[in-house]
Amino acid sequence: MLAPAITNALTIDVEDYFQVSAFAPYIRRDEWDARECRVERNVERILQLLAQRQVQATFFTLGWIAERYPHVVRQIVAGGHELASHGYGHERASDLSREAFRDDVTRAKALLEDLSGQPVLGYRAPSFSIGAGNLWALDVLAEAGYRYSSSIYPIRHDHYGMPDSPRFAYRLENGLLEVPVTTLRLLNRNLPSSGGGYFRLLPYAVSRWMLRKVNREDREAAVFYFHPWEIDAEQPRIAGIDAKTRFRHYVNIPRVEGRLRQLLDDFRWGRMDQIFLARHAPPVPAAA
Ligand SMILES: [Zn+2]
């Protein structure tokens, strides 16, 4: 059966396996440079997958990665994809002062724009770390020149989430557009239905059912996300981590690439900026 003719947003958070927030207690930041880097080859595989299907996506790229692997940035842009920002150092916004957050998002934006020669309009906070306790971060993003954010996850989760925030794109008073990753409304709760660990954990048919429901019943574009390390079954295993973190990080990784191929075939996909910034354009000021 054909999916409804809604174009959904495909997004990739470009970071390496040792930078995920759940590993932060186990891997010191100053050890990052010594780890085997896998992100280049993984992004390359993703770009090939998208090119085969002529799909363009949004890559929320970490400044730390862009600085060390500028050709990754250039490959993303050369493929016709949107380059967006995942901040510089993958620190949770909720762990930073206003000044430190401003420095991080400004540094990442300038770096990505210098490398790509294109304006960087979008930002996604590491681990969806903007919520009720730090909504000031959205003002900082607007001041830094970002046009949209995809940082508030309207679910209940042990590490992040703001369950009563809107499920679909909304304009803030400061002009910034917030575009949350997609949830499914079921039994009075928002369920995560668009990527990350849940896409690996649930059978593909369930993920497809949830996204179809959002397209058909909510009549909204979904925002799906994944990470380059999620297609990498050969990534080095991090030793000594707790069982929950181990399960969440490694579950079903060998299945992800096949599922992504199906997902690309079953739905229409596009870039965040083209789907949301055009649709939610601010009113054009009258000519002077
Ligand atoms: Zn991240």
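Numbers for residues simply follow the sequence, beginning at 1. Both counts, for ligands and for their atoms, begin at 1 and track the order of listing.
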Measure from NZ or CZ of Arg259 to the centre of the six-membered ring of Tyr204 and say whether it is under 6.0 Å with the direction within 45° of the ring axis.
-> no
Pairs in or reaching into residues 106-128: which pass ring-ring contact (aromatic ring centres under 6.0 Å, His included), with residues at least two apart or in two chains?
-> Phe101-Tyr123, Tyr123-Tyr146, Phe128-Tyr153, Phe128-Tyr160, Phe128-Tyr225
Closer than 2.8 Å to the Zn ion (ligand 1) - protein N, O or S atoms, ordered by chain and residue number | Glu15 OE1, His86 NE2, His90 NE2
Non-hydrogen side-chain atoms of Asp273 and Arg147 separated by less than 4.5 Å = no
Output all residues satisfying side-chain hydrogen bond (donor to acceptor under 3.5 Å, both in side chains) with Glu113, sequence neighbours left out; order by chain, then residue number.
-> Lys109
What residue pairs, at least two apart or across chains, pass ring-ring contact (aromatic ring centres under 6.0 Å, His included) with a residue in residues 33-66?
-> Trp32-Trp64, Phe59-His81
Salt-bridge present (Arg124, Asp13; N to O < 4.0 Å) = yes
